[in-house]
A.B. asks: 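One structure coming up, written as C-alpha cells, with questions to follow.
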Amino acid sequence: MRLAIVAFVTGIMVLQLQAQLPDLAWLWGLPLLATFWGLPRQGRWRWVRRGGFAVFCFALGFSYAAIWAQHRLADTLPRAWEGVDIPVVGVVANLPTETGRGQSFDFTVEHVLSPGAIVPKHLRLSVYSIGFKGKKIPGAIVVQAAQRWQLSVKLRRPHANQNPHVMDREAMWFAQDIRALGSVQESEPHRLLSARVRQPRYLIDVTREKIADRIDRILPGAPYAGVLKALAIGDQSAIPAAQWQLYQQTGITHLISISGSHVTALSGLVFAVAYALWRRSSRLVLWLSAQRAAALA
C-alpha cells in the first residue's frame with residue numbers, strides 16, 4: 001500500500017513539471033501495466049511484480065492528474081464572449097463576501113440563455129450596490145447562499161498581475177475551479193427564481209449564513225462581531241479595515257480565520273470530553289477502549 005501511494009503521488013507531481021499536457025491516447029497502455037499484478041508473488045518474479053505495479057501506480061497518478069487538468073482547461077470562456085452581456089440561470093454556490101461596494105460570490109451556471117453562448121460552469125461574480133462616486137445604485141440586488149437567480153453578467157477570463165513574493169491569484173482561481181470572473185449588470189432586470197435550492201452541496205454555506213445572520217441580530221453594531229464571524233465560520237469580510245491594520249501590526253492575522261491552531265484546539269477538546277465520558281461506562285470500555293473511542297471522535 002505504501003508503495004502504491006508513493007508511486008501514485010509521484011506521478012501527480014511529475015505531471016506538474018511538464019511544459020504542456022500530454023496526449024491522452026496512451027491511456028490504453030494502463031491495462032497492460034496492470035497485468036504485472038498477476039505475476040507470482042514468490043521467487044524471481046517477486047521484484048518484477050512489485051516494480052511493474054509501482055510503474056502502474058505512477059502512470060495511474062500521472063494520467064489521473066492529466067485527465068482532471070484537461071477537463072478543467074476545457075471549461076473556458078471563449079474570447080468572443082468576453083465583455084458581452086450574457087443572461088444566465090444558476091445558483092449562488094457559497095457564502096457571499098461583503099465588499100466595500102457590494103458583494104462577491106461564486107455562481108454555478110445551470111442554463112445559458114443567450115443562443116450560442118459558451119459560459120464556464122463556475123463563475124466568480126461581483127454585484128455592486130454603491131457606485132464609484134459613493135452613491136447608492138437604485139434597484140441593486142442582494143444575494144444569499146443557495147438562491148437561484150436569472151442574471152445578466154459580463155465576463156472575462158481569470159487573469160491577474162503576477163508579482164514576485166505575492167499570492168498567485170490565477171493559480172488560486174484555477175484550484176477553486178473558477179473559470180471566469182465577471183460582474184452583474186445593474187442596467188438589466190434580474191429575477192429571483194428560488195429562495196433556497198435544497199441540495200446537499202449548498203447545506204454548509206446555508207448553515208454558515210444562518211450563523212452570520214444570528215450574530216448580526218444578537219450583536220448589532222458590536223465592534224467584535226466581525227471577528228466572531230471569522231472565528232466561527234471563516235467569514236473575514238465583516239472585519240473593519242482598522243482592525244485588520246491592528247492585527248497586521250501585531251502579527252496575528254493568521255489567527256483571525258480557521259487555522260491549524262483552532263482545529264488542533266477543537267480536536268483536543270473533543271478528545272478530552274469523549275475520553276472522560278467514555279471511561280465512565282464499564283460496558284463501553286469493554287467494547288472499545290476510551291483512548292480509541294476518543295481518537296475516533
Side-chain angles (χ1 to χ4, degrees), residues 1-37 51-84 86-94 104-126 151 153-163 166-183 197 199-202 204-205:
M1 181 60 69
R2 288 192 295 268
L3 176 65
I5 293 173
V6 171
F8 185 84
V9 173
T10 303
I12 295 176
M13 293 173 60
V14 169
L15 179 75
Q16 314 304 320
L17 304 177
Q18 306 306 306
Q20 61 184 15
L21 292 177
D23 187 355
L24 299 181
W26 51 268
L27 287 176
W28 63 268
L30 284 177
L32 295 178
L33 290 174
T35 59
F36 279 96
W37 192 245
F53 181 67
V55 173
F56 167 74
C57 292
F58 173 88
L60 189 63
F62 188 88
S63 59
Y64 168 82
I67 290 172
W68 272 109
Q70 295 275 23
H71 173 73
R72 184 153 296 184
L73 287 173
D75 188 24
T76 188
L77 177 69
R79 295 191 183 278
W81 290 100
E82 283 191 295
V84 179
I86 306 174
V88 295
V89 174
V91 181
V92 179
N94 70 336
S104 175
F105 58 95
D106 293 349
F107 194 71
T108 300
V109 177
E110 295 178 325
H111 306 289
V112 180
L113 303 183
S114 288
I118 300 176
V119 175
K121 184 72 172 177
H122 302 288
L123 312 175
R124 175 72 52 82
L125 299 177
S126 297
L151 304 173
V153 298
K154 183 177 292 186
L155 304 174
R156 64 177 177 87
R157 292 186 173 193
H159 57 81
N161 296 329
Q162 293 190 2
N163 298 321
V166 297
M167 179 186 297
D168 187 346
R169 291 190 175 275
E170 289 188 24
M172 179 188 68
W173 291 325
F174 187 80
Q176 296 175 351
D177 199 14
I178 302 299
R179 302 299 295 135
L181 309 176
S183 61
V197 177
Q199 295 182 12
R201 55 180 169 174
Y202 303 124
I204 292 178
D205 288 308

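Just so it is clear, the model here is predicted, and its values are computed rather than measured.
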A.B. asks: If you look at every heavy atom in P22 and L15, which pair is closest and at what distance?
C.D. replies: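 Nearest pair, atom of P22 first, then L15: CD-CD1, 3.8 Å.
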A.B. asks: My understanding is that only residues two or more places apart in sequence, or in another chain, count here; which of them pass ring-ring contact (aromatic ring centres under 6.0 Å, His included) with F8?
C.D. replies: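 Partners of F8 by the ring-ring contact (aromatic ring centres under 6.0 Å, His included) criterion, ordered by chain and then number, come out as Y64.
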A.B. asks: Rounded to the nearest 0.5 Å, how far does CD of Q70 lie from CG of D23?
C.D. replies: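 One finds 8.5 Å between CG of D23 and CD of Q70.
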A.B. asks: How would you list, by chain and number, every residue that makes a side chain to side chain donor-acceptor pair (under 3.5 Å) with S63, sequence neighbours excluded?
C.D. replies: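 Checked S63 against side chain to side chain donor-acceptor pair (under 3.5 Å); zero matches.
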A.B. asks: Under the salt bridge (Lys or Arg N to Asp or Glu O under 4.0 Å) rule, what pairs show up with a residue in residues 8-20, not counting sequence neighbours?
C.D. replies: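 Pairs touching residues 8-20 that pass the test: none.
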A.B. asks: For the atom pair CZ (R169) and CG (L181), what is the distance rounded to the nearest 0.5 Å?
C.D. replies: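 So the gap between those two atoms works out to 10.5 Å.
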A.B. asks: Could you note down all residue pairs passing salt bridge (Lys or Arg N to Asp or Glu O under 4.0 Å) where residues 60-74 supplies at least one of them, sequence neighbours left out?
C.D. replies: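 For residues 60-74, and leaving out neighbouring residues, the salt bridge (Lys or Arg N to Asp or Glu O under 4.0 Å) pairs sorted by first residue read R72-D177.
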A.B. asks: Considering all heavy atoms of both residues, which atom of A7 and which atom of C57 are nearest to each other, and what is their separation?
C.D. replies: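 Answer, listing the atom of A7 first, then C57: CB-CB, 3.7 Å.
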A.B. asks: From I67 CD1 over to L21 CG, what is the distance, rounded to the nearest 0.5 angstrom?
C.D. replies: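 These two atoms lie 11.5 Å from each other.
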A.B. asks: A side-chain contact here means heavy atoms from C-beta on lying under 4.5 Å apart; do W81 and I86 qualify?
C.D. replies: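 With C-beta onward as the side chain, the pair touches.
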A.B. asks: Give every donor-acceptor pair under 3.5 Å between a side-chain atom in residues 105-112 and any protein atom, sequence neighbours left out.
C.D. replies:
| from | atom 1 | to | atom 2 | distance (Å) |
| --- | --- | --- | --- | --- |
| D106 | OD1 | R124 | NE | 2.2 |
| D106 | OD1 | R124 | NH2 | 3.2 |
| E110 | OE1 | R148 | NE | 2.7 |
| E110 | OE2 | R148 | NH2 | 3.1 |

A.B. asks: Hey, can you pull the donor-acceptor pairs under 3.5 Å for the side chains in residues 154-161, sequence neighbours left out?
C.D. replies:
| from | atom 1 | to | atom 2 | distance (Å) |
| --- | --- | --- | --- | --- |
| R156 | NH1 | H159 | O | 3.3 |
| R157 | NE | L77 | O | 2.8 |
| R157 | NH2 | L77 | O | 3.2 |

A.B. asks: Going by salt bridge (Lys or Arg N to Asp or Glu O under 4.0 Å), name the residues that satisfy it together with D75, two or more places apart in sequence or in a different chain.
C.D. replies: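 Salt bridge (Lys or Arg N to Asp or Glu O under 4.0 Å) list for D75, sorted by chain: empty.
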A.B. asks: Locate the shortest heavy-atom distance separating I118 from T76; write the atom from each residue and the value.
C.D. replies: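 Where I118 meets T76 most closely, the heavy atoms are CG2-O, 4.1 Å.
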A.B. asks: M13: what forms a side-chain contact (heavy atoms from CB on, under 4.5 Å) with it, not counting sequence neighbours?
C.D. replies: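 For M13, the residues satisfying side-chain contact (heavy atoms from CB on, under 4.5 Å) (neighbours in sequence not counted) are V9.
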A.B. asks: Compare every heavy atom of V84 with every heavy atom of A80, then report the nearest pair and how far apart it is.
C.D. replies: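 Closest approach of A80 to V84: O-CG2, 3.8 Å.
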A.B. asks: Please name all residues satisfying side-chain contact (heavy atoms from CB on, under 4.5 Å) with I204, sequence neighbours left out, ordered by chain then number.
C.D. replies: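 Per chain and number, I204 pairs via side-chain contact (heavy atoms from CB on, under 4.5 Å) with R208.
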A.B. asks: Given Y202 and V92, is the side chain to side chain contact (heavy atoms under 4.5 Å, CB included) satisfied, shown in steps?
C.D. replies: CA-CA 9 Å; Y202 303 124; V92 179; over 6 Å; no
A.B. asks: Quick one: side-chain contact (heavy atoms from CB on, under 4.5 Å) partners of Q16, sequence neighbours excluded?
C.D. replies: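 Residues passing side-chain contact (heavy atoms from CB on, under 4.5 Å) with Q16: I12, A65.
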A.B. asks: Do the side chain of N163 and the main chain of V166 share a donor and acceptor less than 3.5 angstrom apart?
C.D. replies: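 Checked: no pair found.
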A.B. asks: Can V88 and L113 be said to form a side chain to side chain contact (heavy atoms under 4.5 Å, CB included), step by step?
C.D. replies: CA-CA 5 Å; V88 295; L113 303 183; 6.0 Å; no
A.B. asks: Quick one: side-chain contact (heavy atoms from CB on, under 4.5 Å) partners of V14, sequence neighbours excluded?
C.D. replies: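 Testing V14 for side-chain contact (heavy atoms from CB on, under 4.5 Å), a comparison that skips the adjacent residues, returns T10, Q18, F58, F62.
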A.B. asks: Would you give the length of the straight line joining atom CG of L73 to atom CH2 of W68, rounded to the nearest 0.5 angstrom?
C.D. replies: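 Rounded to the nearest 0.5 Å, the CG-CH2 separation comes out at 13.0 Å.
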